[in-house]
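It should be emphasised that the depicted structure is a prediction, and the values quoted were computed from it without experimental measurement. A, B, ... follow the sequence lines: proteins, then strands. Residue 1 opens every chain.
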Amino acid sequence: MFRSFRFLQQQPLWLTSLFSFGFLLLVWQMVVTWGKYDRFILPGPLDVWRQFQLVVADGRLLTHSLYTISEIIPGLLIGFLIATPLGYLLAKSPLAERFISPYLIASQAIPVIAVAPLLTIWIRSTYWARVLVAVLVVFFPILVNIVAGLRSVPQEYYELFHSLRASQWQIFRKLEVPAALPVLLAGLKVGATLSVIGALVGEFVQPKSQGLGFLLITARYQFKTDLVFVVLLTLAAIALSMYGFIALLEKRLLRWRDQR
Amino acid sequence: MVTKKVVMDKTHFLIVRDVDYAFSDGKQILSHVTFSLPQGAFVALVGQSGVGKSTLLRIVSGLLRPFRGEVLLNGRSPHEADPSIGLVFQHDNLLPWRTAYGNVRLPLELRGENGLQAHERVQAMLKLVGLEGYADSYPAQLSGGMAQRVALARALVHQPSLLLLDEPFGALDALTRERMGRELLRIWQAHPVTVLMVTHSITEAVLLADEVLVMNGRPATITHRIPVPLTRPREENVEQTAVFQECVTAVRSAIQIS
Ligand SMILES: Nc1ncnc2c1ncn2[C@@H]1O[C@H](COP(=O)(O)OP(=O)(O)OP(=O)(O)O)[C@@H](O)[C@H]1O
Ligand SMILES: [Mg+2]
């Protein structure tokens with residue numbers, strides 16, 4: 001038993017991924033076949049596949065996916081651009097931390113889904129209201145990671161730079177950025193998957209005409225459960241690609257970590 | 001501020017005069033610390049753990065400001081623009097995201113020195129510490145002794161006039177430590193610089209230094225200055241000589257067991 005596990009461990013990632021995905025499909029199909037579920041309750045992989053081909057052919061999947069992606073990426077970027085300077089301020093200034101962090105922490109007790117309707121009242125543009133929901137979701141984990149990353153820079157490194165009379169800007173560029181980068185990228189990875197959820201929450205609150213969330217709700221009202229599955233799998237694929245992209249970035253930027 | 005005569009005095013290259021220091025919690029650590037080092041000297045600083053050796057080194061380097069008293073390096077305060085100090089800590093303190101080469105190059109980069117000349121200086125320093133083949137290795141790939149050599153090369157690359165070492169070999173095993181001591185002497189002879197080195201090892205202090213300063217008390221001060229009358233370069237079996245043993249005994253009895 002263990003020997004066959006070791007055999008699997010030696011295979012490349014894509015092969016094991018393919019294997020586990022195939023296994024998942026098989027189990028799914030078996031559940032559907034033996035459980036004799038109605039197609040509207042639980043469609044099988046083949047039903048979903050047929051539906052997938054249909055929405056790809058008529059272009060609907062691509063249109064709605066692109067629309068949702070166009071909300072996810074600005075959401076992640078804007079969240080990152082706001083969280084970074086704020087995180088730097090919080091890590092550097094005990095006063096700022098005292099004044100701001102209680103609100104930040106309290107704000108995390110309120111689920112985004114509860115705030116989102118407010119945003120749609122305040123913001124006229126459907127698109128920007130959805131982007132803002134994504135921003136709100138990714139903002140906090142990225143912020144927390146930036147603060148943790150900066151706090152983890154050893155005091156002795158600062159002493160080294162001070163003893164060499166480095167300027168604030170040099171300390172930022174040559175010490176704080178590279179030292180905080182690993183934790184920052186870890187935060188960005190979490191943020192990347194969360195941004196997909198954020199955009200979707202935004203679309204649920206504002207289910208107007210466009211986006212995968214809209215497609216999902218429409219499919220549900222029409223009892224097209226197989227289409228619901230297509231949308232879910234597409235969302236998962238988008239989240240996985242975003243994660244993979246940042247993991248790739250991480251591998252390039254943190255090459256020094258692999259040298260052991 | 002006391003008006004001071006700027007004297008370029010080779011026998012008083014580093015002057016520490018009447019320095020007091022207390023941390024923000026009010027506990028006084030140093031009281032009336034006074035000593036001076038001639039240019040090019042190699043001086044060891046010993047004392048019990050927690051007595052304030054690292055604190056004194058930080059004051060000399062300008063990282064901490066003394067409460068009272070003054071520090072003059074070549075007639076100038078170490079806070080002034082270009083103190084030209086090299087610093088080595090107990091743990092190598094290398095930046096893990098930079099290669100050995102990149103770490104040694106850092107002081108030059110921070111001074112805006114780039115180009116071929118800087119490159120050649122870094123190469124020469126790596127060669128001096130015997131690591132020319134490891135320029136592209138990351139700190140995680142180096143042994144403790146190698147990493148400490150890189151830290152030494154980094155501390156010397158910008159040609160400082162004062163080298164401050166805080167238990168530089170404290171994290172190494174006994175054998176490596178001994179070798180690194182000899183290595184340090186070789187580098188010091190090739191690369192004249194005034195050295196102030198904190199160490200926990202009395203034999204290491206006597207083996208390397210011209211003079212051993214002993215810190216005692218709470219708050220602490222320099223209570224003894226013990227000269228080491230051994231010739232340089234040190235002989236191979238110097239540790240067995242009577243003079244060496246006498247020095248070791250003198251230093252040991254100077255450190256008060258409280
Ligand atoms: N940041 C600080 N705040 C308050 N007290 C401190 C601080 N740093 C050090 N101390 C205290 O100052 C005293 C001297 O510390 P220092 O590190 O200079 O000792 P040391 O002689 O270098 O000891 P060791 O040989 O163990 O390294 C210690 O009692 C320590 O508790
Ligand atoms: Mg110390």
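- Inter-residue side-chain proximity for B:M197 and B:E204 is flagged as met; some heavy-atom pair is nearer than 4.5 Å.
- Between A:F23 and A:F19, the ring-plane angle classifies as parallel under the 30° and 60° cut-offs.
- Side-chain contact between B:V16 and B:I222 is absent, with no heavy atoms from C-beta onward closer than 4.5 Å.
- Taking the side chain as every heavy atom from C-beta outward, B:L30 and B:I59 approach each other to under 4.5 Å.
- For B:L94, the part lying under 4.5 angstrom from a heavy atom of chain A is the backbone only.
- Residues of residues 171-198 of chain A lying within less than 4.5 angstrom of chain B, judged on heavy atoms, are A:K174, A:L175, A:P178, A:A179 in numerical order.
- Using a 4.5 Å cut-off on side-chain heavy atoms (C-beta onward), B:L73 and B:I85 make contact.
- For residues 99-108 of chain B, the interface with chain A (any heavy-atom pair closer than 4.5 Å) comprises B:L106, B:P107, sorted by residue number.
- Salt-bridge check for A:E159 with B:R58: passed, with a basic side-chain N closer than 4.0 Å to an acidic carboxylate O.
- The list of side chain to side chain donor-acceptor pair (under 3.5 Å) pairs with a residue in residues 94-103 of chain A, not counting sequence neighbours, reads A:E97-A:S101, A:E97-A:R151.
- Considering only heavy atoms from C-beta on, B:S201 stays 4.5 Å or farther from B:F169 through its side chain.
- Evaluation of the side chain to side chain donor-acceptor pair (under 3.5 Å) rule for B:H191 yields no partner, not counting sequence neighbours.
- For B:L63, the part lying near chain A is the side chain, with the backbone staying farther off; criterion is any non-hydrogen pair under 4.5 Å.
- Contact of the B:L185 side chain with the B:F42 side chain is registered, since non-hydrogen atoms from C-beta on lie closer than 4.5 Å.
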